[in-house]
Amino acid sequence: MSQIRPIQRALLSVSDKTGIVEFASALHQRGVEILSTGGTAKLLEESGIPVIEVASYTGQPEIMDGRVKTLHPKIHGGILARRDQDQAVMAEHGIGPIDLVAVNLYPFAETVKKPGCSFADAIENIDIGGPTMVRAAAKNHNDVTIIVNAQDYDRVLGELAEFSGVTDATRFDLAVAAFEHTAAYDGMIANYFGQRLQNPAEPERFPRTLNFQLEKKQDLRYGENSHQNAAFYIDPSHHEASVASSTQLQGKALSFNNIADTDAALECVKSFTSPACVIVKHANPCGVAIGANIQEAYERAFKTDPTSAFGGIIAFNEPLDEQTAHLIINRQFVEVIIAPGASKKAQTIVAAKKNVRLLITEAFGTRKAQFDFKRVQGGLLVQDIDHGLVADSELQLVTNAKPNDRELNDLLFAWKVVRYVKSNAIVYAKDGMTIGVGAGQMSRVYSAKVAVLKAEDEGLEIAGSVMASDAFFPFRDSIDAAAQAGVKAIIQPGGSIRDNEIIEAANEHGIAMVFTGMRHFRH
Ligand SMILES: NC(=O)c1ncn([C@@H]2O[C@H](COP(=O)(O)O)[C@@H](O)[C@H]2O)c1NC=O
């Protein structure tokens, strides 16, 4: 049987005052006595809600510019008292029970995000009394209701209306939310301090300990394989179109591999400004193309490797339209389609295949600097995410032959694709379409061979195409192979001790070659 706890006295102390007047007013109408701190009390009083200031309740004024407001035994005793065993001590010290605590904390995150925020400003925005009350109330959830999110006001009022008290289940759920809240808050402060060990004015990129909180979005049926348990956790502070923040409109539940592959497809397609399509299979793009519209982009991406596209993940950088949806659904087995929108008609067409997952992202914005993680046994490798881009003006021509305009466009296209192909990565491209993709081979020349083989098997003409390599060529063998296949231009980082040999090979074959000076390994 659920234990219902009535609310007779509440303490409200909030920095973000959204919804607090309505909440306090509803509590007052239910006969709840309201205690509150300076700013909150003032607002409630102005709104005509009877309130007792914490300072007058404890007989201790707020001191030190609010550094000490609620840190008093009458407050913490009232929150922490076990109603079934602390009655005598409460009576002895004149402590009355506090049954509900609604607190939100000083805006530390918002403060430190402000340009020019000083270390002193940051410090004054570390809430002490708030988390202390939150933790106390969450610890004593057996008797006390704790609210840290304004969106929970209505939930508690609903229970008060229905049960004249708050249920066990809700008190425990809110206590979990409270500890999650203080953990995230302290994690943020620890990161901020941990980046400033050498100099508070010059934060380092990587703090001494890395603290962050991820929220479980969903349990997964299994992991990479069926004997592995798995769940999908997301970063609530990540505000960019992503697989994590996408909305699934229809289809079977996403699997572990679906999510990983959809991420690869989406991140690649986000690189393009013209209508583009990326088809991913086993974490690698097996077809990428741009077109006049996404229908054409899909048609061309599919042509690269129809064999691998079967059961693939398809990503677009524009909303899915009726014609493209029709084409996909009637042509191929597809696991996931992801796009920044889908027309009603496109949705209806996809609905004919009830298993196909259709995911919608928000509009693509500017990509932000973020951490990228790779787990190893007993640790985590942390780096900046690879958002490195090279403008055509930064390309260094190293051969006698120069790429013409069409080849230059293809080089830049292939360079955007190769960044998302597992190393060693080789991409052949022509007219804004991949012709062959060689991924994940242990030697570069074999990736080049695989790309040629794939193109030949799909009846695609490599002659006249361009080649992109995610890292420098250690030997001339890949250049010779490219020449034999009819490649006209090559884009690669450069930087090999044998660069001269490589350039000479390109010159021998009349191939144009540009260096980017930037490598794009992807492991
Ligand atoms: N020092 C204290 O005892 C204390 N008690 C509550 N607070 C915070 O003061 C804020 C509310 O203040 P006000 O009601 O004065 O606007 C809340 O964010 C609450 O978490 C405190 N402030 C900081 O630690």
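First listed ligand is number 1; within each ligand, the first listed atom is number 1. We use all heavy atoms of the structure for the numbers below, so side chains are in, but hydrogens, waters and symmetry mates are not.
Counting only heavy atoms of the protein, atom 5 (N) of ligand 1 lies nearest to Thr70 OG1, 2.6 Å. The protein heavy-atom contact nearest to atom 11 (C) of ligand 1 is Ser13 OG, 3.4 Å. Closest to atom 1 (N) of ligand 1, if we only count protein heavy atoms, is Arg67 O, 2.6 Å. Counting only heavy atoms of the protein, atom 22 (N) of ligand 1 lies nearest to Tyr106 OH, 3.0 Å. Considering only non-hydrogen protein atoms, atom 13 (P) of ligand 1 sits nearest to Gly39 N, 3.4 Å.
Set against the non-hydrogen atoms of Gly38, the atoms of ligand 1 under 4.0 Å away are 15 (O). Applying the 4.0 Å criterion to heavy atoms of Leu71 picks out, from ligand 1, the atoms 3 (O). Of all atoms in ligand 1, listed by their number and element, those nearer than 4.0 Å to a heavy atom of Thr40 are 13 (P), 14 (O), 16 (O). Of all atoms in ligand 1, numbered sequentially from 1 with element shown, those under 4.0 Å from a heavy atom of Lys17 are 16 (O). In the vicinity of Asp127, heavy-atom distances shorter than 4.0 Å reach the ligand 1 atoms 7 (N), 8 (C), 17 (C), 18 (O), 19 (C), 20 (O), 21 (C), 22 (N), 23 (C), 24 (O). Set against the non-hydrogen atoms of Ile128, the atoms of ligand 1 under 4.0 Å away are 23 (C), 24 (O).
Proximity of Tyr57 to Ile75: side-chain heavy atoms (C-beta onward) are separated by under 4.5 Å at one or more points. The shortest side-chain heavy-atom distance between His523 and Lys422 does not fall under the 4.5 Å cut-off.
For the pair Gly129 and ligand 1, the shortest N or O to N or O distance falls below 3.5 Å.
For His282 and Asp261, the side-chain atoms include no donor-acceptor pair closer than 3.5 Å. No side-chain N or O of Ser255 forms a donor-acceptor pair with one of Asn257 less than 3.5 Å apart. Side-chain atoms of Arg357 and Asn258 include a donor-acceptor pair closer than 3.5 Å.
Proximity of Met133 to ligand 1 is established by a heavy-atom distance of less than 4.0 Å.
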Please tabulate, for the side chains in residues 88-102, all donor-acceptor contacts under 3.5 angstrom to protein atoms that are two or more places apart in sequence or on a different chain.
| from | atom 1 | to | atom 2 | distance (Å) |
| --- | --- | --- | --- | --- |
| Asp99 | OD1 | Arg83 | NH2 | 3.1 |
| Asp99 | OD2 | Gln8 | N | 2.7 |
| Asp99 | OD2 | Arg9 | N | 3.1 |

field: Working for side chain to side chain contact (heavy atoms under 4.5 Å, CB included), residues Val148 and Asn104
entry: CA-CA 5 Å; Val148 292; Asn104 59 56; 5.8 Å; no

- request: Evaluate side chain to side chain contact (heavy atoms under 4.5 Å, CB included) for Gln228 paired with Tyr222, printing each intermediate quantity in order.
  value: CA-CA 6 Å; Gln228 294 168 274; Tyr222 50 81; 5.7 Å; no

Derivation of the side chain to side chain donor-acceptor pair (under 3.5 Å) call for Thr324 and Asp321: CA-CA 6 Å; Thr324 312; Asp321 57 65; 2.8 Å; yes

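Contacts between Val14 and ligand 1 below 4.0 angstrom, taking non-hydrogen atoms only, involve the backbone exclusively.
When all heavy atoms of Ser246 and Lys217 are compared, the pair lying nearest together is O-NZ, 3.0 Å.
Distances from atom 17 (C) of ligand 1 to the heavy atoms of Asn104, Val103, Thr37 put Asn104 nearest. For atom 3 (O) of ligand 1, the nearest non-hydrogen atom from the set Glu62, Lys69, His76 comes from Lys69.
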